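Beneath this line is the structure, given in structure tokens, with notes to follow.
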Amino acid sequence: MSHGPLPDRDDRTSVAAGTGPAAAIDRGLAVLNSIIVVFAAIALVAACAILSYSVLSRALYKAANYWQDEAAVFLLVGATFMTAAYVQQHRGHIGIEAFVGLLSPFANQVRLWLVDAATFLFCAFFTWKSWTLAHEAYVDGQVSNSMWSPPLAIPYSLMALGMSLLCLQILVQLALPFTGAKRP
């Protein structure tokens, strides 16, 4: 089936225009998300380098690699969760758009708002559990079961911080229609 541009995908701007607090927070998040994306890209390259080094050192020199896998996983967890708000801001997530063409523009806006509200509720619960996990790991001094034994508070904190930014981004997107700003 072929169809034209989808109503919720035709605007390529990712930051809300306006002067209200929601628009200001959205612009601030855009700057923060852009900085985080750069560091996440560096983390991904570092994870690739660490894993490549691990494979080569094991194959060529029979060297032990007790830290490489965990370091790469920590970098990947950080990159994944910390960039979630960026993906949400640009609406880069996967969406099922079977109903977009069938709904009126108003019904589609309501549908998008309801999806964002449900997403926020899930992400808020996930954020709360992530902060709980990070706090427990820090207070209890939990470390991984490897020989390297890095603190588990590191990946849990990255997960919690990334989910907190995602919740903030979704809240801003939920508030924007009520401020008169165009939905990004």
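Predicted model, so just to flag it, every value in this text is computed and none were measured. Only this structure's heavy atoms are used, side chains among them; waters, hydrogens and symmetry mates stay out.
Annotation for G78 and L158: closest pair CA-CD1, 3.7 Å, computed over non-hydrogen atoms. The heavy-atom pair separating A137 from L152 by the smallest distance is CB-C, 4.0 Å. Minimum interatomic distance between F74 and I154 (heavy atoms only, all atoms of both residues): CD2-CG2, 4.1 Å.
A perpendicular orientation is assigned to the rings of W113 and F178, their planes being inclined by more than 60° (bins at 30° and 60°).
Rounding to the nearest 0.5 Å places CG of L75 at 11.0 Å from CD1 of I42. Rounded to the nearest 0.5 Å, atoms NZ (K129) and OH (Y156) are 12.0 Å apart. Rounding to the nearest 0.5 Å places CD1 of I170 at 9.5 Å from CG of L121. With rounding to the nearest 0.5 angstrom, the OH atom of Y86 is 13.5 Å from the CG atom of L29.
The side-chain hydrogen bond (donor to acceptor under 3.5 Å, both in side chains) check on S144 picks up E70, S146, with sequence neighbours excluded. The side-chain hydrogen bond (donor to acceptor under 3.5 Å, both in side chains) check on D69 picks up nothing, with sequence neighbours excluded. By the side-chain hydrogen bond (donor to acceptor under 3.5 Å, both in side chains) test, S54 is found to be paired with R58, N65, residues two or more places apart in sequence or in another chain being considered. With sequence neighbours left out, W128 forms a ring-ring contact (aromatic ring centres under 6.0 Å, His included) with F125. Residues forming a side-chain contact (heavy atoms from CB on, under 4.5 Å) with D140 (at least two apart in sequence, or on another chain): E136, Q142.
Ion pairing of D116 with R111 is absent here, as no side-chain N (NZ or NE/NH1/NH2) approaches a carboxylate O to less than 4.0 Å.
The shortest side-chain heavy-atom distance between N33 and T83 does not fall under the 4.5 Å cut-off. Between W131 and S164, some side-chain heavy-atom pair lies under the 4.5 Å cut-off.
Remark: side-chain polar atoms of T127 are paired, donor with acceptor, to backbone N or O of M163 under 3.5 angstrom. Judged by distance alone, the side chain of S104 and the main-chain N or O of A107 form a donor-acceptor pair under 3.5 Å.
Residues D26 and Q173 have side chains that never bring a donor and an acceptor to within less than 3.5 angstrom of each other.
Connectivity analysis of hydrophobic side chains (ILVMFWY, heavy atoms under 4.5 Å, direct or indirect) links V115 to nothing; its cluster partners are none.
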